[in-house]
Amino acid sequence: MVPEVAKAASKLRGSGVRVVAVDCDRAPEVARALGIKGYPTVKFMARGKASGYEGPRTALQLASFAQSRAALDRYVLRWVDKAVAAVRNMIQRPQPSAAAP
């Protein structure tokens, strides 16, 4: 699988997606932290959260998966940013005062 991961990393170069390989036999604390119980394991990490990948292990499929997850993550972040801005706008907008009787 190492050659396919290396090819996927090459395809993703410059896309904002980084590929990292970890030898969990040499770094068991990483395996525990990510819940890795078997090898090889492919995970996509975004904002500290890991999601697993069970699809084909070809460079094209690995790169495609990473790009689609990254695009979804960017879309969600933009949506959240817009929602936060809208709420801030509503909070900061002066409230109409009620007419005194």
Side-chain angles (χ1 to χ4, degrees):
M1 186 168 155
V2 171
E4 292 301 308
V5 171
K7 288 179 198 173
S10 180
K11 289 178 182 298
L12 293 165
R13 190 170 292 124
S15 71
V17 175
R18 290 185 293 167
V19 175
V20 178
V22 177
D23 180 345
C24 290
D25 289 329
R26 297 182 79 178
E29 65 283 355
V30 174
R32 276 191 300 280
L34 295 175
I36 296 172
K37 294 179 177 53
Y39 310 121
T41 297
V42 177
K43 300 263 186 183
F44 179 81
M45 302 286 298
R47 295 186 316 276
K49 304 256 190 229
S51 58
Y53 173 73
E54 298 298 327
R57 307 301 173 123
T58 66
L60 181 61
Q61 292 297 326
L62 290 167
S64 179
F65 169 75
Q67 286 173 324
S68 66
R69 291 303 306 245
L72 176 63
D73 193 56
R74 285 189 295 269
Y75 172 78
V76 168
L77 283 176
R78 280 194 308 272
W79 183 86
V80 168
D81 287 344
K82 287 180 182 179
V84 167
V87 169
R88 282 189 181 140
N89 235 1
M90 290 184 336
I91 292 170
Q92 293 172 352
R93 191 176 311 142
Q95 299 297 319
S97 55

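Any value given below was found using the heavy atoms of this structure, including those in side chains, with hydrogens, waters and symmetry copies removed.
Among all heavy-atom pairs drawn from Leu12 and Ala63, the shortest one is CD2-O, 3.8 Å. Here the closest non-hydrogen pair linking Lys43 and Ile36 is CE-CG1, 4.1 Å. Between Lys7 and Ala59, the shortest heavy-atom contact is CB-CB, 3.4 Å. Closest approach of Arg57 and Val42 over heavy atoms only: NH1-CG2, 3.0 Å. The heavy-atom pair separating Val22 from Ala27 by the smallest distance is CG1-CB, 4.1 Å.
Between Phe65 and Tyr53, the ring-plane angle classifies as tilted under the 30° and 60° cut-offs.
Cluster annotation: Val20 is not connected to Phe44 through the hydrophobic network of ILVMFWY side chains, with a link wherever side-chain heavy atoms come within less than 4.5 Å. Note on Met1 and Leu34: separate hydrophobic clusters, where clusters join Ile, Leu, Val, Met, Phe, Trp and Tyr whose side-chain heavy atoms are under 4.5 Å apart, directly or indirectly. By the criterion of side-chain heavy atoms lying less than 4.5 angstrom apart, applied directly or through intervening Ile, Leu, Val, Met, Phe, Trp or Tyr residues, Val30 is not grouped with Val2; the two fall into different hydrophobic clusters.
A 6.0 Å sphere centred on CD of Glu54 holds no more than 12 heavy atoms belonging to other residues, nucleotides or ligands.
In this structure, the separation between CD on Glu29 and SG on Cys24 is 9.0 Å, given to the nearest 0.5 Å.
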